[in-house]
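Let me begin by presenting the structure, written as structure tokens, before commenting on it.
Atoms considered below: every heavy atom in the structure, side chains included; atoms not considered: hydrogens, waters and symmetry mates.
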Amino acid sequence: MALAAGLAERLNGTVHPRGPEPPADLAEVTGGRPIPVAELVAALAGELPGLTAHAVAGGITVLSCGASPVEIVVEEDEDETGYSVCVDDGVRGPGLAETARRVALTIAARGGGTARDHNGFLIHETG
């Protein structure tokens, strides 16, 4: 914190004690075909082992596991199915954004949808 205060003083700026909270929704997948829950769980087993599904409300299913704070919210209606890759508000940790990115790419590959990050930018396969 002292380093940040020193830089702010030299740059004629201010110090904010904490950075912005990370977004709750890390990625989303839209378009494409609906993926059966059992197929989705199997496809993500390597990334999120022990993934289980919980029906929350009409057309909404939450997939979660104890090994990761990353959750997938599946919202289905008669026209479209959307997938949100998220964490609880305020949860931080190394690799969460990268995990969400890989999960979104896996979902998009299975269902033929479009994966976007929390800022709305397309997520592409790298390497």
Looking at I35 and Y83, what are the two nearest heavy atoms and their distance? N-OH, 2.9 Å

Which heavy-atom pair separates A53 from L63 by the least distance, and what is that distance? CB-CD2, 3.4 Å

For S68 and V70, indicate whether the former's side chain and the latter's backbone hold a donor-acceptor pair under 3.5 Å. yes

Flag the pair C65 / T52 as yes when at least one side-chain heavy-atom distance between them is below 4.5 Å, and no otherwise. no

Side-chain (D117) to main-chain (N119) donor-acceptor, under 3.5 angstrom: yes

Kindly give the heavy-atom pair with the smallest separation between D77 and E80, and that separation in Å. OD1-N, 2.7 Å

In terms of heavy-atom contacts, L96 and L26 come closest through O-CD1, 3.8 Å

Would you say I72 and V41 are hydrophobically clustered, going by side-chain heavy atoms of ILVMFWY under 4.5 Å? yes

Do L48 and V37 belong together in a cluster built from hydrophobic side chains that touch within less than 4.5 Å? yes

Shortest non-hydrogen contact between H118 and D25, atoms and distance: CB-O, 3.0 Å

Grouping I, L, V, M, F, W and Y whenever their side-chain heavy atoms are under 4.5 Å apart, do L51 and V73 come out in a common cluster? no

Run the salt bridge (charged side-chain N to carboxylate O under 4.0 Å, His left out) test on R101 and E28 for me, step by step, so that the C-alpha distance in whole Å, both residues' side-chain angles and the decisive distance to 0.1 Å come before the verdict. CA-CA 9 Å; R101 182 185 167 287; E28 69 176 359; over 6 Å; no

Check: A104 main-chain N/O paired with R116 side-chain donor or acceptor under 3.5 Å: no

How far apart are the closest heavy atoms of P49 and G46, and which atoms are they? CD-O, 4.4 Å

